[in-house]
Structures are given as C-alpha cells and as structure tokens.
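Below: the structure, in structure tokens.
From a predicted model like this one, the values you see are computed outputs, not experimental measurements. Numbering of ligands and ligand atoms starts at 1, following listing order.
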Amino acid sequence: MSAHPVIVAIDGPSGTGKSSTSKAVAARLGMGYLDTGAQYRAITWWMLSNGVDVNDPAAVAAVAGKPEIVSGTDPLAPTITVDGTDVAGPIRTAEVTGAVSAVSAVPAVRTRITELQRGIAAGAPAGIVVEGRDIGTTVLPGADVKIFLTADPEARAARRSGELRGTAPGAPDLAATREALIKRDAADSGRTTSPLAKADDATELDTTELTLEQVISWVIGVVEDAGRKQPRS
Ligand SMILES: Nc1ncnc2c1ncn2[C@@H]1O[C@H](COP(=O)(O)OP(=O)(O)O)[C@@H](O)[C@H]1O
Ligand SMILES: Nc1ccn([C@@H]2O[C@H](COP(=O)(O)OP(=O)(O)O)[C@@H](O)[C@H]2O)c(=O)n1
C-alpha cells in the first residue's frame, strides 16, 4: 500500500498515444482516468455553440467561468458533460479541433480548467492517471510519476488519420490531418501560459516504433517502480 493515492501525469503532443495508454494503465491498475484535452474541447464546444468569437481572447475570457464542465473518471467509461449535456461526440468534430488551441491559450480558461483538474485529482481515492499537455509542469507538478510521450509527426498523423477514418465519414486525408496536427502542436507549444512541454523530471518515451501494448507495459513498469520507492504507510 502506498502512503497516498498515486498520481500519474502523462503529457505529449497529439497522436503519441496518451489517451489509449492512460485509459489502459488506469483500468489495469484500478485507478481513475482524466482526459484534460476533453475538458478544453468541451469549453471550446460551448464557446462555439454560444456564438463566442474564439479568436477574441477577451471575449473568451469574459465568459470562461460560465459553462459547468463535469468529467467522469472511470477509465472503462469516461464521460464529459457541459451544463448537463453529454458532449463526448460533439467535442471531436473538426470544428472544435480547429478552435481548441486558441481557446486553451486564454489564461482565464486555463485557470478555470486547471482548478477543476486539481480538484478531481485530489479527490481520486484510488489514484488517477491524468493526461494532457501541462500536467507534469503546471497542473500537478508534485505528481508521483511523470511521463512525456513523443512520436514522429508521420506516425502520429497516420494514427490520427486511421482513427478519424474509422469514426468520422468524410474525414480529412492523411496530408490534411498531418498539417492540422503540426499546426496545433506549434500553437500549443508556443503559447505563453502553460505551453505543451516536458517537465524536467519527466521520463520521455518515443512511441514511434512501439505497439500500444508495449507502451502500456512500459508505463505500468514505471508506475510500479515509483510505488515501490514510496514510503510505506
Ligand atoms: N504505439 C502505438 N502504435 C500504433 N497506434 C497507436 C499507438 N498508440 C496509440 N495508437 C493509436 O493512435 C491513435 C491516437 O492515439 P491516442 O491515444 O488518442 O493519442 P493522443 O491521446 O496522444 O492524441 C488511436 O487510434 C490509438 O489506438
Ligand atoms: N492539458 C491540456 C490538454 C489539452 N490542451 C488543449 O486541448 C487540445 C485538445 O487536446 P486533446 O488531448 O484532446 O488532443 P488530441 O490528442 O485528441 O489531438 C490541445 O491541442 C490543446 O490545445 C491543453 O491546452 N492542455
């Protein structure tokens, strides 16, 4: 038994395997799971649905406190609602994907969502795997385990494109997906407030040549090692 519920932070750019890995690790270790990207997508969906100009940071900041975002943390059935509406599907549209970097760069949005994330992590009785862009650096700098996943843009675009083709008829082709992904990485890495970055004490894993199962096993190994090193209660 560890002294406190274990907190695992998994960061990295799009298509590196954060969501699939985090869900599987959490499920196998009996922990909670939080997709922070889904929360930024949810607030972006609300802005678009309410006619807010997502390219006007002041307009976004003025209403950043309005939507109530609730995340369910069961890794086998994660949920996300905005003001009680299930938005799991709508937050994955190309429109939301195209607007999310602008909305998530607004400091008032980040403050609000970061508070929400810290509350969820602090209230996770069995520990939690939290995935995103700034979890190890900003949201949970004291996390027990910090992992930063990377992969070549080609591999990431191919994975994302394959996924979109499976779920969204008329999805953009590989080149368009690659271009959109690189643009979003640059915006997320270049923003002033809490950019996408590897924490100094995070362990990096390049997943380009690895199967998902290999990545999952490696992360579980790192989490179990950290558990062994913790002081016993
Ligand atoms: N190591 C891997 N090898 C091949 N495909 C992978 C690997 N990791 C993830 N995938 C696939 O790539 C897609 C994107 O993975 P996802 O976990 O959503 O990445 P992220 O959360 O980092 O954007 C999914 O379809 C997933 O099944
Ligand atoms: N911790 C986080 C997580 C996501 N985000 C933002 O939310 C967007 C969507 O995140 P996501 O994890 O759903 O992205 P994908 O991995 O699905 O491509 C990112 O491109 C970032 O702009 C963020 O700013 N901080």
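Counting protein heavy atoms only, atom 22 (O) of ligand 2 is closest to D188 OD1, 2.7 Å.
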Run the side-chain donor-acceptor check on residues 147-154: report pairs under 3.5 Å with partners two or more places apart or on a different chain.
unit_1: E154; atom_1: OE2; unit_2: R178; atom_2: NE; d: 3.2
unit_1: E154; atom_1: OE2; unit_2: R178; atom_2: NH2; d: 2.5

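Of all atoms in ligand 1, listed by their number and element, those nearer than 4.0 Å to a heavy atom of R160 are 14 (C), 16 (P), 18 (O), 19 (O), 20 (P), 23 (O). Atoms of ligand 1 lying under 4.0 Å from at least one heavy atom of K18, given by number and element, are 17 (O), 19 (O), 20 (P), 21 (O), 22 (O), 23 (O). Within ligand 1, counting atoms from 1 as listed, the ones closer than 4.0 Å to a heavy atom of S14 are 23 (O). Near L210, meaning under 4.0 Å from any of its heavy atoms, are these atoms of ligand 1: 1 (N), 2 (C), 3 (N). Residue S20 has at least one heavy-atom neighbour below 4.0 Å for each of these atoms of ligand 1: 9 (C), 15 (O), 16 (P), 17 (O), 26 (C), 27 (O). Close approach of ligand 2 to G132 (heavy-atom distance below 4.0 Å) involves ligand atoms 1 (N), 3 (C).
The shortest N or O to N or O distance between D35 and ligand 2 is not under 3.5 Å. The shortest N/O to N/O separation between R110 and ligand 2 falls below 3.5 Å.
Heavy-atom distances between Q117 and ligand 2 stay at or above 4.0 Å for every pair. For G12, the heavy-atom gap to ligand 1 stays at 4.0 angstrom or more. By the 4.0 Å heavy-atom criterion, R160 is counted among the residues contacting ligand 2.
When R133, K23, K18, R92 are each tested for a salt bridge (charged side-chain N to carboxylate O under 4.0 Å, His left out) with D35, only one passes: R92.
Side-chain contact check for R159 and T207: at least one donor-acceptor pair (N or O, by modelled atom type) lies under 3.5 Å.
Separating the OG1 atom in T114 from the CG atom in L116 is a distance of 9.0 Å, to the nearest 0.5 Å.
Counting only residues at least two apart or in different chains, salt bridge (charged side-chain N to carboxylate O under 4.0 Å, His left out) contacts with residues 39-57 are absent.
Nearest residue to atom 14 (O) of ligand 2 from K183, R133, K18 is R133 (criterion: closest heavy atom).
Residue contacts with ligand 1 for P13 involve N, CA, C or O but no side-chain atom from C-beta outward (heavy atoms, distance under 4.0 Å). Contacts of Q214 with ligand 1, taken as heavy-atom pairs under 4.0 Å, are absent altogether. Proximity of R184 to ligand 2, defined as any heavy-atom pair under 4.0 Å, is confined to the side chain (atoms from C-beta onward). Counting heavy atoms under 4.0 Å from ligand 1, residue T21 does not touch it at all. Residue contacts with ligand 2 for S104 involve side-chain atoms from C-beta outward but no N, CA, C or O (heavy atoms, distance under 4.0 Å).
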